[in-house]
Amino acid sequence: MVFWLIKTEPDEWSWNQQKNCGNKGAEWNGVRNFQASNNLKEMKLGDKCLFYHTGNVKSIVGIAEVIKEAFLDKTDISGKFVSVKIKALYPLKKQVSLYEIKKNNVFKDFALVKQSRLSVMKVSLKYWKKICKMGKVKI
DNA sequence: GCCAACGTTGGC
DNA sequence: GCCAACGTTGGC
C-alpha cells in the first residue's frame, strides 16, 4: 500500500463534495502536469490519500481511498492525462495546516513543502503516521 | 536539443 | 495582488 497526498482548490472541488459522493466516489480529473499524472498512474486500488485544500484553507482535511485505478481523463482532449476514482473515508478530527507542517522540522523533505506546485505526491509512511497523529485519527 | 519567453500555481 | 518557482512552448 502506498500513501498519497492530493490537492484541490476547495472552490472547485471540496472535501464536502467528495464526502457527499459517498462510497461511489468521484473522478479525480483535471490534473495537467506530467509528474502529478504519473503519480496518478501509480495509484493502486485501496491506496490511501490525504485530502488537501489549497487556497484560503491550506490544510489537510481528510482521508480518501483509491477505488478505481488510472484511466484516460475524459476532460483532457489531448488524451495525455489520466484520472483515478476516489472516495472519502473520514475527516481528520483536527485539520493539519501547512503552517504546522512547515513549523515542524521533521517535514523538511516533504514534497508539500519542497515542491509547492505539485498537486499529487507520494507520502512516506513516516510522514503519513505523523500526520495521522497530528490529525488525531487512527491509521 | 537549447533556451528565452511566457503561462500557471499556490503561498504569502 | 504580488511574485517565486516551475512547467511548457516555440523559434532557432
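Reminder, nothing fancy here: chain letters follow the sequence lines and each chain counts from 1. Here the structure is a predicted model, which is why all the values come from computation and not from measurement.
- At the heavy-atom level, E9(A) lies nowhere under 4.0 Å from the strands shown.
- Electrostatic pairing of D73(A) and R32(A) counts as a salt bridge here, judged by a charged N lying under 4.0 Å from a carboxylate O.
- Heavy-atom contacts of chain A under 4.0 Å fall on DNA chain B between two terminal nucleotides, which in 5' to 3' order are dG7(B) to dC12(B).
- Remark: E27(A) does not engage K68(A) in a salt bridge, criterion side-chain N to carboxylate O under 4.0 Å.
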Contacts table for residues 117-135 of chain A: side-chain donor-acceptor under 3.5 angstrom, sequence neighbours left out:
from, atom 1, to, atom 2, distance (Å)
K122(A), NZ, E42(A), OE1, 3.0
S124(A), OG, Y127(A), N, 3.2
Y127(A), OH, V106(A), O, 3.0

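- In this structure, H53(A) and F51(A) have perpendicular ring planes: the angle between them is above 60°, well past the 30° mark.
- At the heavy-atom level, Y99(A) lies nowhere under 4.0 Å from the strands shown.
- Ion pair E100(A)/K94(A) flagged as a salt bridge, since at least one NZ, NE, NH1 or NH2 atom sits closer than 4.0 Å to an Asp/Glu carboxylate oxygen.
- Residue contacts shown for L118(A) are absent, as no nucleic acid heavy atom lies under 4.0 Å away.
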